[in-house]
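For reference, positions follow the sequence shown, starting with 1.
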Amino acid sequence: MEFHQHCILQKRSMASTNEKVISSYIPDEISYSILSKLPLKSLKRFKCVQKSWSLLCENHHFMNMFLNRFLSYNDPTSLILLRVLENINVTCEEIFYSFSGERFENKVKLDWSSSLENHFEITGLFGQHLNGTLCLYGDYGEIVLLNPTTQTMKPLPASEAQSVELSIPDEAFGYVDLQVEYCLVHGFGYEPVINDYKVIRILIYNLQSSAQSDADWLSDTNFNPIWEIYSLRSNSWRKLHVNMPYTWECTDGAQVYMDGVCHWFCRSYRNVGPCLVSFYLRNEEFLVTLIPSDIDNCFDFDVQPSWINLAVLNEYIALISYHKETTTFHISILSEFGMKESWTKLLIVGPLSCVQCPIKVGTKGEIFFIRKDAELVWLDLSTQMIAEVGYKEREARITEIIVYKESILPN
């Protein structure tokens with residue numbers, strides 16, 4: 001009798017245990033839905049919970065859920081397109097257009113050329129956008145802050161470091177040529193604590209002498225590259241006492257700004273490979289994050305010629321590149337600055353044999369490129385569909401596309 005009762009109790013205990021196990025089980029569909037809403041850094045941390053979670057990035061169903069959430073954010077933007085029309089007399093006509101609307105369907109011709117010609121050689125014009133303001137810069141050190149909505153324009157003053165002729169003593173005039181050879185803008189950002197907009201650049205000098213090079217002045221002078229920072233509040237430049245990696249590719253797409261930090265990429269850093277440089281505007285310090293070759297080998301010109309852009313996707317720094325040999329776009333994101341291992345290959349789009357020339361990445365992950373039929377189009381990463389902008393590159397060539405949001409020029 002006691003044995004019979006013991007068996008009954010044991011069965012009830014087992015049944016109760018099974019009920020607890022069953023009630024605590026979460027279907028994969030629900031767990032994947034929850035995990036797809038997590039930040040990338042948390043998602044990586046939870047990979048150790050169970051084996052199936054460690055393989056989430058290889059699960060196509062989960063990655064589709066994650067990407068749909070990651071890319072589904074509303075950030076209405078407009079485009080400014082600069083085209084250069086070359087005529088039979090080898091002269092150039094610069095024409096600006098603005099494209100706005102959900103699918104960039106509204107096209108307006110802008111009358112900017114006459115205003116900008118006073119400050120720029122327009123064919124060498126590049127720019128960055130921040131809070132409705134464009135920071136436009138040319139090949140020769142010219143920099144202008146421009147608001148497309150109000151058409152308010154502010155040329156930035158020259159700095160003392162640009163006036164290098166003041167550093168040449170009287171006895172050196174005539175045989176010494178000292179000039180700023182390169183003035184490379186690396187960042188345009190906002191410092192919220194003091195409500196100030198700032199520009200970061202590096203000056204690289206060229207020193208030549210037609211006389212004896214052992215003159216006292218030449219031997220005692222070392223014109224190393226100089227980093228400078230501009231403050232809109234003080235309307236002045238000052239020297240930065242940093243020794244950061246710099247890049248020669250100071251075109252739009254090589255630098256981005258996010259949350260008080262300016263970022264740019266370098267193709268080579270101390271013989272250890274390419275890297276991302278992050279400069280913090282508040283304390284004026286920088287951090288280097290190496291870019292592993294298994295994330296993107298587009299920096300290796302021996303492998304294949306490539307195109308590469310930095311972008312901000314849903315509050316993450318993203319590296320987006322086009323690989324000509326495979327006609328594919330590669331999208332990787334960084335979850336933690338300074339950590340080489342925190343780069344994650346998010347998506348590969350393609351092959352797209354219709355791509356003639358990639359141009360620009362938008363704030364919602366749109367990739368703008370010239371199609372082989374000369375049409376300007378954009379690729380929507382969330383749907384992987386291609387749409388036309390409404391511009392065809394025939395007799396004119398596009399030299400720049402700047403993405404911006406309408407706002408008021410900062411005071």
Side-chain angles (χ1 to χ4, degrees), residues 75-85 92-101 104 106-159 162 183-192 195-201 228-237 250-258 262 264 281 310-312 359-363 368 391 398-411:
D75 189 14
T77 55
S78 301
L79 302 178
I80 292 177
L81 181 149
L82 166 63
R83 74 170 192 171
V84 177
L85 179 63
C92 295
E93 177 187 1
E94 297 84 11
I95 304 174
F96 292 88
Y97 290 98
S98 171
F99 294 86
S100 60
F104 308 106
N106 303 319
K107 175 182 175 182
V108 177
K109 185 177 179 181
L110 304 174
D111 185 18
W112 283 4
S113 296
S114 58
S115 300
L116 290 176
E117 281 174 355
N118 296 328
H119 308 287
F120 288 102
E121 177 70 29
I122 293 184
T123 55
L125 183 63
F126 304 102
Q128 299 180 52
H129 161 265
L130 179 62
N131 298 342
T133 301
L134 302 180
C135 177
L136 304 176
Y137 44 95
D139 288 335
Y140 305 104
E142 326 94 310
I143 305 176
V144 165
L145 299 183
L146 170 68
N147 185 293
T149 305
T150 64
Q151 295 192 26
T152 306
M153 186 179 303
K154 178 176 180 55
L156 269 59
S159 68
Q162 285 180 280
C183 183
L184 306 175
V185 174
H186 277 59
F188 172 48
Y190 175 68
E191 218 292 80
N195 187 29
D196 195 9
Y197 288 77
K198 297 185 176 183
V199 179
I200 309 160
R201 71 180 179 186
E228 290 187 313
I229 189 166
Y230 168 82
S231 164
L232 180 61
R233 291 187 66 182
S234 65
N235 191 32
S236 63
W237 293 91
C250 291
T251 58
D252 191 47
Q255 312 98 354
V256 295
Y257 164 85
M258 184 180 73
C262 294
W264 59 88
L281 293 174
L310 282 178
V312 176
I359 297 179
K360 177 72 178 179
V361 178
T363 57
F368 298 91
Y391 172 84
I398 297 175
T399 64
E400 179 67 356
I401 287 181
I402 301 175
V403 182
Y404 77 101
K405 291 190 296 183
E406 292 188 355
S407 184
I408 300 174
L409 184 70
N411 295 322

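- Nearest heavy atoms, Glu191 versus Leu281: CG-CB, 3.9 Å.
- Listed by chain and residue number, Arg201 satisfy the salt bridge (charged side-chain N to carboxylate O under 4.0 Å, His left out) test with Glu228 (two or more places apart in sequence, or in another chain).
- When all heavy atoms are compared, the tightest approach of Lys360 to Ile401 is CD-O, 3.6 Å.
- Nearest heavy-atom pair, Ala311 versus Val361, reported as atom, atom and distance to 0.1 Å: CB-CG1, 3.6 Å.
- Nearest approach of Val403 to Gly362, heavy atoms of both residues: CG2-CA, 4.0 Å.
- Tyr230 pairs by the ring-ring contact (aromatic ring centres under 6.0 Å, His included) definition with Trp237, not counting sequence neighbours.
- For Ser231, the side-chain contact (heavy atoms from CB on, under 4.5 Å) partners are Asp196, Arg233, Ser234, not counting sequence neighbours.
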Report the C-alpha separation of Val185 and Gln255 in whole Å, then their side-chain angles, then the decisive distance to 0.1 Å, and conclude whether the side-chain contact (heavy atoms from CB on, under 4.5 Å) test is met. CA-CA 9 Å; Val185 174; Gln255 312 98 354; 5.9 Å; no
Run the side-chain contact (heavy atoms from CB on, under 4.5 Å) test on Ile80 and His129 for me, step by step, so that the C-alpha distance in whole Å, both residues' side-chain angles and the decisive distance to 0.1 Å come before the verdict. CA-CA 11 Å; Ile80 292 177; His129 161 265; over 6 Å; no
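- Aromatic pair Phe104/Phe368: centroids less than 6.0 angstrom apart.
- Interatomic distance, CG of Leu79 versus OH of Tyr97, reported as 14.0 Å (0.5 Å rounding).
- For the atom pair CD1 (Ile402) and SG (Cys135), the distance works out to 9.5 Å, reported to the nearest 0.5 Å.
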Would Tyr257 and Phe188 count as a side-chain contact (heavy atoms from CB on, under 4.5 Å) if you check the C-alpha gap in whole Å, the side-chain angles of each, and the deciding distance to 0.1 Å? CA-CA 7 Å; Tyr257 164 85; Phe188 172 48; over 6 Å; no
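- Geometric assessment of Lys107 against the ring of Tyr391 yields a negative cation-pi assignment under the 6.0 Å and 45° thresholds.
- If you take CG on Leu134 and CE on Met153, they are separated by 10.0 Å, rounding to the nearest 0.5 Å.
- Asn106 pairs by the side-chain contact (heavy atoms from CB on, under 4.5 Å) definition with Ser100, not counting sequence neighbours.
- With sequence neighbours left out, Tyr190 forms a side-chain hydrogen bond (donor to acceptor under 3.5 Å, both in side chains) with Asn195.
- Annotation: the span from Leu136 atom CG to Leu146 atom CG amounts to 5.5 Å, rounded to 0.5 Å.
- Here the OH-CG distance, from Tyr197 to Leu145, works out to 10.0 Å after rounding to the nearest 0.5 Å.
- Contact annotation: the side chain of Leu156 never approaches that of Tyr137 to less than 4.5 Å [non-hydrogen atoms, C-beta and beyond].
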